[in-house]
There are 2 protein chains.
Amino acid sequence: MAVDRRQLIVEAATKSFSLFGFKATTMEQVAKIANVGKGTIYTFFKTKEELFDEITNSLIKEMKLAAEESIDESKSFQDNVHRALYRILEFRLEHQLTIKLFQEGREMRTPAVMEVIERIEKAILNFIKDKIKLAIEKDEIQPCDPELTAFVMIKMYIALIFDWEKNHQPLTKEMIAKTLEQHIFQGLSK
Amino acid sequence: MAVDRRQLIVEAATKSFSLFGFKATTMEQVAKIANVGKGTIYTFFKTKEELFDEITNSLIKEMKLAAEESIDESKSFQDNVHRALYRILEFRLEHQLTIKLFQEGREMRTPAVMEVIERIEKAILNFIKDKIKLAIEKDEIQPCDPELTAFVMIKMYIALIFDWEKNHQPLTKEMIAKTLEQHIFQGLSK
DNA sequence: AAAATGACCAAATGAACAAAACGGTCAATA
DNA sequence: TATTGACCGTTTTGTTCATTTGGTCATTTT
């Protein structure tokens, strides 16, 4: 079987985006890494953005999968939310692509990158929102606006993991769980 | 009595910083508005930063005063925290100087401005932290790490007021209070 | 004598221009 | 038919240089 050129291109682009970010990745660079002509890329993807979208959509799917896998039906809602959010943010730190993307978003505000970050954050929000809806249905927590509660939880998580350590000692996983428990769950659980 | 040149300079600089921000304010501009020679400014302030610091320190003092005034000893801790934080963020939206400063910080990341923003945020944190310490002493809330709890409260407040409305209808003052109540206080109060 | 000033300086800034690099196309090629 | 890289118009980058800036200090004003 002949090499799958499309696959080669996607892999090359992933490498380059991970290493240099969106803006600093050139289509010529991608073509060279993939060992194809630049024109070939454009037989599969209309624009650089479209190639980028395909890759970041895979990333989001992967992230959702990781989050879903961290859920353990036999455990409590609180435990699961903590595990899922921790897993998602861990994922962000484990993958070169997310690290580079968030860095580029922070430092250069590249529009295409900002859009992707928004999509990632929406995906996380919807994931948690669904878990909250389910927990309300199952009467595990008090009724609340799932969107708003998911929003608050995520903001708190990001604050505890990323913002807190700008001026303090990083919090351990256990301390984050305890803080979340103390500040949110005790106010929600029956 | 002769005019107080120092006062004139401070007033002129405040106007200019409020209107144009730190970077776009020139010392010549300030001198012209204050009707003094440029050299005169340097008899009172060693550098542009020092002039800036004097003005932003007053701003922070004013902010603290506004927050302190919003406290009503006869009301509950929860009510007071809500009132204080709301007042502080309201203050930010009422004062041209804070608006301009936070905008310049976001858009240009001027180092001197970033420092001031950090000082402002530290001041808010310490204010809330003290109120939490007091509430713990008075046995109004469960024991907790005052620094961490203040941090969480502020992050949540800023998220609810500034971040939420990027993608949703703004929350009313009452809805913010309710969300804070539901997500934080019910977990802390005895 | 003390306070105030603006001409002056080195350093920083940004306008203007040229050169390079870019995303994307398409006629030639395999 | 699938693939390619030379090519095109546009954007980005590097460079130059005149202007502006924060800050000083000899001179002037009070």
Side-chain angles (χ1 to χ4, degrees), chain A residues 1-56 100-101 104-105 107-116, chain B residues 1-56 100-101 104-105 107-116:
Chain A
M1 163 187 161
V3 278
D4 181 352
R5 293 180 133 68
R6 192 176 196 284
Q7 184 63 16
L8 282 179
I9 290 165
V10 170
E11 276 165 19
T14 303
K15 261 186 214 161
S16 186
F17 287 139
S18 301
L19 232 47
F20 310 115
F22 176 78
K23 213 189 157 221
T25 287
T26 72
M27 295 306 260
E28 209 142 340
Q29 163 99 285
V30 172
K32 196 179 266 179
I33 298 176
N35 261 313
V36 299
K38 186 160 63 141
T40 309
I41 301 179
Y42 287 89
T43 66
F44 296 112
F45 304 96
K46 261 213 295 286
T47 65
K48 187 183 179 185
E49 261 88 1
E50 205 173 287
L51 173 59
F52 188 52
D53 279 353
E54 162 125 351
I55 288 168
T56 50
K100 196 73 203 174
L101 248 43
E104 189 175 348
E107 291 175 7
M108 332 191 48
R109 307 188 178 255
T110 319
V113 173
M114 298 308 280
E115 259 173 52
V116 168
Chain B
M1 161 186 165
V3 278
D4 181 351
R5 295 181 132 72
R6 193 176 196 284
Q7 183 63 19
L8 282 179
I9 290 165
V10 170
E11 275 165 18
T14 303
K15 261 187 214 159
S16 186
F17 287 139
S18 301
L19 232 46
F20 310 116
F22 176 78
K23 215 194 153 217
T25 287
T26 72
M27 295 304 261
E28 206 139 338
Q29 164 97 286
V30 172
K32 195 178 269 178
I33 298 177
N35 261 312
V36 300
K38 187 160 62 138
T40 309
I41 301 179
Y42 287 89
T43 65
F44 296 111
F45 304 96
K46 260 213 296 288
T47 64
K48 187 183 177 185
E49 262 88 1
E50 204 173 288
L51 173 58
F52 188 52
D53 280 353
E54 162 125 351
I55 287 167
T56 51
K100 195 74 202 175
L101 248 43
E104 190 175 349
E107 292 175 8
M108 329 191 51
R109 303 181 181 262
T110 318
V113 173
M114 298 308 280
E115 260 173 50
V116 168

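Quick note on labels: first sequence line is chain A, next is B, and so on, each numbered from 1.
- One finds the CZ atom of B/Phe20 at 12.5 Å from the CD atom of B/Glu104 (value rounded to the nearest 0.5 Å).
- Atom OG1 of A/Thr25 is separated from atom CG of A/Leu51 by 9.5 Å, given to the nearest 0.5 angstrom.
- If you take CZ of B/Phe44 and C1' of C/dA2, they are 12 Å apart, rounded to a whole angstrom.
- Here salt bridge (Lys or Arg N to Asp or Glu O under 4.0 Å) pairs that include residues 9-25 of chain B, with residues two or more places apart or in two chains, number zero.
- Straight-line distance from the CD atom of A/Glu50 to the C1' atom of C/dG23: 14 Å, rounded to whole Å.
- Between B/Thr43 and C/dA3 there is no side-chain N or O to OP1 or OP2 distance below 4.0 Å.
- Rounded to an integer number of Å, the gap from A/Glu49 CD to C/dC22 P is 16 Å.
- In this structure, A/Glu107 places its CD atom where more than 12 heavy-atom neighbours from other residues, nucleotides or ligands lie under 6.0 Å away.
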Distance-only criterion, 3.5 Å: show the donor-acceptor pairs between side-chain atoms of residues 34-41 of chain B and protein atoms not counting sequence neighbours.
residue	atom	partner	partner atom	Å
B/Thr40	OG1	B/Gly37	O	3.3

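- One interatomic measurement links the two molecules: CD1 of B/Ile41 to P of C/dG6, which rounds to 12 Å at whole-angstrom precision.
- In terms of polar N and O atoms assigned as donor or acceptor, the side chain of A/Lys38 comes within less than 3.5 Å of the base of C/dG23 in a complementary pairing.
- The distance from atom NZ of A/Lys48 to atom C1' of D/dT11 is 12 Å, rounded to the nearest whole Å.
- Between the CZ atom of A/Arg6 and the P atom of D/dA2 there is a distance of 15 Å, given to the nearest Å.
- With A/Phe22 as the fixed residue, the side-chain contact (heavy atoms from CB on, under 4.5 Å) test singles out one of A/Ile55, A/Thr56, A/Val113: A/Val113.
- Considering only heavy atoms from C-beta on, A/Glu54 stays 4.5 Å or farther from A/Phe44 through its side chain.
- A/Tyr42 places its OH atom 18 Å from the P atom of D/dC7, with the value rounded to the nearest Å.
- For A/Arg5, a side-chain nitrogen or oxygen approaches OP1 or OP2 of D/dT3 to under 4.0 Å.
- Across residues 9-35 of chain A, A/Thr25, A/Thr26, A/Met27 each have a non-hydrogen atom less than 4.0 Å from an atom of DNA chain C (numbered order).
- Atom CZ in B/Phe45 sits roughly 18 Å away from atom C1' in D/dT24 (whole-Å rounding).
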